[in-house]
Amino acid sequence: MAELTLDGVSVSYGDAVALSDVHLDVADGEFFTLVGPSGCGKTTTLRSIAGFETPDAGELSFAGREMTGVPPEERDVGVVFQNYALFPHMSVAENVGYGLRFHAVDDPEARVAELLSLVDLEGFGDRDPTELSGGQQQRVSLARALAPEPDVLLLDEPMSALDARLREELRREVRRIQTELGITTVYVTHDQEEALAVSDRVAVMHDGRVEQVGTPREVYREPASRFVASFVGENNLFDGERVDGGVRVDGSTFTVEGLDAAGPDTGGHATLCVRPEHLRRDAAENRFAVTVEQSEFLGEATRVHCDWNDRTVVWRTDSAVPERGAEVTLGFASDDGQLL
Amino acid sequence: MSRREWPGLSADRTLRSIAVAVTAVTAVVLLLVLYFPVGTVFVEAFGGARPFDSFASTLTDPFYTGVLAELFARPFAVGTHLDNVFAWFAGVSVGPDGVDTPPLSKGLFGFTAYQALLSTLASVAIGLPGAYILANYEFRGRRTLRSLTIVPFVLPGIMVASGFYAAFGQAGLLNDVLALVGLGPQRLIETNPLFVVVLAHAFYNAPLVTRVATAAWESVDYRAVETARSLGASRRRAFRDVVLPQLTPAIATGALLTFLFTFLTFPIVLAIGGLELATVEVWVYYQLTEVLAFEEAATLAVLETAISLGVTYAYLRYESAQRSTSPGEGPPREPLFGRASDAAASWLARSRVVRALDARRLAIAGYAVVVFVLFVGPLGAMVLEGLTDGSGLTLRHYEFLVQRQAAGASFQTKPLPAIRNSLLFGVATVAVAVPMGLVVSVASTGEGRWRSLLETATMLPFAVSGIVFGIGLLRGLVFGISLPGGWRFVIAGGVAIVAAHAVAAYPFVVRNVAPQLAGVDPRLVESARSLGASRVRAFLDVELRLAATGLVAGAAFAFAISIGEFDSTVILASDVAGDTVTYTMPVAVERYLGRRFGPAMAMGTVLLVVTAVSFVVVDRLGGRVERG
């Protein structure tokens with residue numbers, strides 16, 4: 001049985017709909033991520049799970065137990081916020097121990113020490129939260145959320161306030177701790193790269209709806225919608241006409257493999273998706289000539305913006321890049337393209 | 001999510017029912033001791049043969065409304081009114097002595113507004129330079145001075161009046177000093193009482209203007225000034241285009257508050273100007289206590305309240321406009337004294353820089369002298385006059401107080417009961433006003449229409465005069481309300497006074513606590529709740545703890561307001577022989593002031609000491625709570 005189930009959950013503020021008809025199943029011990037641009041409803045979903053928002057419709061249950069009307073303090077969830085939300089008038093140890101006041105624990109002090117060591121902050125108990133760095137404060141916040149041994153851990157953009165290097169370090173740490181404890185975790189982020197990197201499964205959200213749920217690989221390789229295709233990773237999207245075996249765009253026909261009957265009808269509208277890293281100069285199929293416009297050197301590769309019939313084509317390459325204005329012929333393997 | 005809300009309140013029935021219950025109790029208290037008494041006064045004003053008779057006769061009486069009386073009497077005779085205006089302008093003559101205008105009868109309301117306007121202008125003129133200095137210069141004691149600007153506001157009005165008496169009165173300090181150099185005596189209070197009243201009002205309100213303007217100046221985003229400068233604006237132009245627009249709402253707020261307070265002024269005018277300078281408030285008091293013309297007093301009170309509510313509304317509008325501006329870092333502060341780098345500069349550059357700076361610093365020094373004379377002068381004079389008679393230092397006046405305490409007849413005003421009552425009422429006021437203020441703060445942290453309604457209701461004690469409120473309490477609750485079944489509901493004596501003080505004081509608790517409560521990150525509460533705390537527990541563990549300094553500051557205000565409250569206390573205080581007397585220190589000062597100058601000053605000094613000590617005690621307490 002799923003640990004956490006949302007069945008048709010909707011939330012609105014007056015006329016504004018924040019969530020409409022959201023269905024999600026999160027398995028026991030899973031690291032599940034809600035990703036999407038700001039205003040997509042991912043934080044509202046998390047707040048509904050925590051009990052801070054009351055859905056207008058739908059059911060929300062933990063391990064089969066209906067949670068509607070259950071106040072946050074009786075849900076056994078741990079919450080970590082982006083801004084840490086540490087109690088400024090309490091020491092680090094008091095912060096971590098706060099939840100233990102409401103739970104029967106044999107030796108609260110030992111438990112606090114254990115958690116501080118779990119997040120690598122032994123000996124920081126007597127400090128004021130304000131004396132710590134952002135990353136340290138976020139670890140304290142994580143320790144505090146984990147102290148009462150919650151059934152579900154909810155993380156609301158916990159890394160967004162940290163700089164890039166620290167963010168990567170901390171997200172590996174969070175993942176390590178989550179795996180160690182085997183705790184069911186719902187993670188909210190607007191950063192699709194982060195979502196792909198840490199999650200067991202990802203739900204991509206847009207305009208208060210879930211667009212696609214899947215493993216990071218599925219979401220990246222087989223986006224279910226135009227929004228997912230453009231939001232997760234970089235993508236080239238070409239609108240064209242569905243023809244037998246592929247798609248016709250501006251008079252050029254591209255073949256795409258693995259098309260099934262469920263795809264767009266022949267003669268109908270279709271969108272071709274090709275990842276920038278799948279475009280190659282030495283590809284044998286699906287070749288088309290583009291003009292180089294601008295290139296950005298990224299270190300391990302170069303991102304090149306090209307023009308093709310007044311469309312922008314993004315091409316990613318790790319070899320030398322022709323000069324601006326040069327004509328290049330690119331192509332892609334038919335099993336790398338996808339039709340929407 | 002950008003949307004802020006009261007997290008999970010709807011989900012928590014416990015806190016809601018507690019909040020509803022406590023709010024209901026508070027509402028009943030407010031209804032009983034604020035709205036009901038004020039209501040009884042207002043009802044009285046409509047008691048004529050036809051409901052608006054009394055208003056018509058007041059508005060058309062030139063004694064009250066001056067030249068406007070005719071306008072109110074015949075509102076549609078536009079031609080006549082225009083002729084009058086032209087006639088007045090025709091009477092203006094420009095001669096060698098300047099512009100000469102025909103007399104313009106202002107009436108009681110006109111005069112009240114006129115002196116309020118003068119007081120406002122004086123307060124802004126004296127207050128603004130202070131804000132400039134506090135926001136732009138760094139010097140030792142700047143922070144202390146900045147926090148001291150709140151003090152005059154809570155000083156008892158009657159004590160300030162005594163101070164100005166001690167400084168400018170016939171036997172006052174100024175004349176003593178003038179006599180030393182063979183000048184004087186001046187008779188400023190007798191010949192130009194309006195000047196002294198305006199000065200006394202500036203004593204109260206200039207620091208208020210300084211306070212709000214400093215706060216605004218310190219939160220101006222100076223990167224905007226630097227941007228303007230880099231785009232080619234001169235220093236002066238950048239000030240006019242960037243800084244000034246951000247200061248204007250604050251100055252308007254300060255000016256409107258000053259106008260409101262001085263429009264409702266009472267003890268200062270009563271003590272310094274007397275009936276000759278009567279404002280509406282003083283006249284209401286006079287009508288009530290001397291002439292016993294209740295309906296007339298009530299009518300005046302309603303008109304007065306209508307005007308002050310209008311000003312309050314304008315004030316709230318401006319204040320909210322001010323709150324919406326984004327906070328910045330404020331100007332970089334320049335040291336006020338000495339610049340080590342000047343010494344190293346070349347002679348030419350140094351002399352030019354030093355000369356320019358000296359002109360500015362000289363002006364600041366001059367301003368400091370004015371401030372010292374205006375603020376320290378009256379209080380110093382009061383202390384000094386309490387310790388001197390015509391011939392030199394003496395403890396005679398204090399001896400008088402001691403003797404009066406030991407041997408005074410029961411109908412005489414004794415010092416010890418006054419001190420005891422003031423302290424007792426002060427403590428009781430804190431005990432009532434702090435919980436009241438806390439509840440209203442919690443309720444007003446919500447959203448929407450409910451909130452602005454509450455905010456206005458909270459401000460009502462500012463807009464209703466103490467006299468009106470005192471009369472209402474007296475007529476409504478002290479005399480008693482008949483209940484069915486032959487019962488009478490009566491609140492009298494000390495309880496009535498504490499009720500009056502608490503109602504006057506609780507808005508200050510709200511204004512200290514509500515911003516702190518509103519500033520608590522809702523995620524702190526959510527964190528506490530997800531960790532297992534109920535809504536009530538989260539409120540106690542998180543919000544209340546984080547608003548503790550506001551609560552302590554609110555308590556200090558409540559205490560100071562109670563100690564200094566005069567307007568309604570003077571109406572409610574009784575000293576019926578045999579009964580427990582309920583007069584307070586300010587009332588005692590006023591009673592002595594009429595007959596014995598020296599002892600009044602001595603009593604005023606005692607009041608000053610008690611007020612100062614209580615402030616220091618609460619300040620220390622506040623410091624401890626803050627650290628703990």
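A note on names: the letters A, B, ... follow the listed sequences, proteins ahead of strands, and every chain is numbered from 1.
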Side chains of A:E73 and B:R535: closer than 4.5 Å at any heavy-atom pair?
no
Looking at every heavy atom in both B:L524 and A:L86, which two are closest together, and how far apart are they?
CD2-O, 3.2 Å
For A:N83, is it the side chain, the backbone, both or neither that has a heavy atom under 4.5 Å from a heavy atom of chain B?
side chain
Minimum heavy-atom separation for A:H103 and B:L531, please, with both atom names.
CE1-O, 3.3 Å
Measure the shortest side-chain to side-chain distance between B:P522 and A:F52 over non-hydrogen atoms and say whether it is less than 4.5 angstrom.
no
Measuring heavy-atom distances to chain B, does A:F87 have an atom under 4.5 Å in its side chain, in its backbone, in both, or in neither?
both
When you look at B:E526 and A:R47, which way does the salt bridge (charged side-chain N to carboxylate O under 4.0 Å, His left out) test go after all the steps?
CA-CA 10 Å; B:E526 290 173 353; A:R47 292 173 58 80; 2.7 Å; yes
A:D126 atom CG, neighbour heavy-atom count above 12 within 6.0 Å
no
Check this for me: A:E109, atom CD, are more than 12 non-hydrogen atoms of other residues, nucleotides or ligands nearer than 6.0 Å?
no
Passes salt bridge (charged side-chain N to carboxylate O under 4.0 Å, His left out), A:D156 versus B:R523? Steps please.
CA-CA 11 Å; A:D156 187 6; B:R523 286 180 184 80; 5.0 Å; no
More than 12 foreign heavy atoms under 6.0 Å from CZ of A:R209: is that the case here?
no
Cut-off 4.5 Å, heavy atoms of chain B, and the answer for A:A145 is backbone
Compare every heavy atom of B:L546 with every heavy atom of A:H89, then report the nearest pair and how far apart it is.
ND1-CD2, 3.5 Å
Distance-minimising heavy-atom pair for B:R529 and A:P71:
NH2-CB, 3.6 Å
Would you tell me whether A:R144 and B:S527 have side-chain atoms, one donor and one acceptor, within less than 3.5 Å of each other?
yes
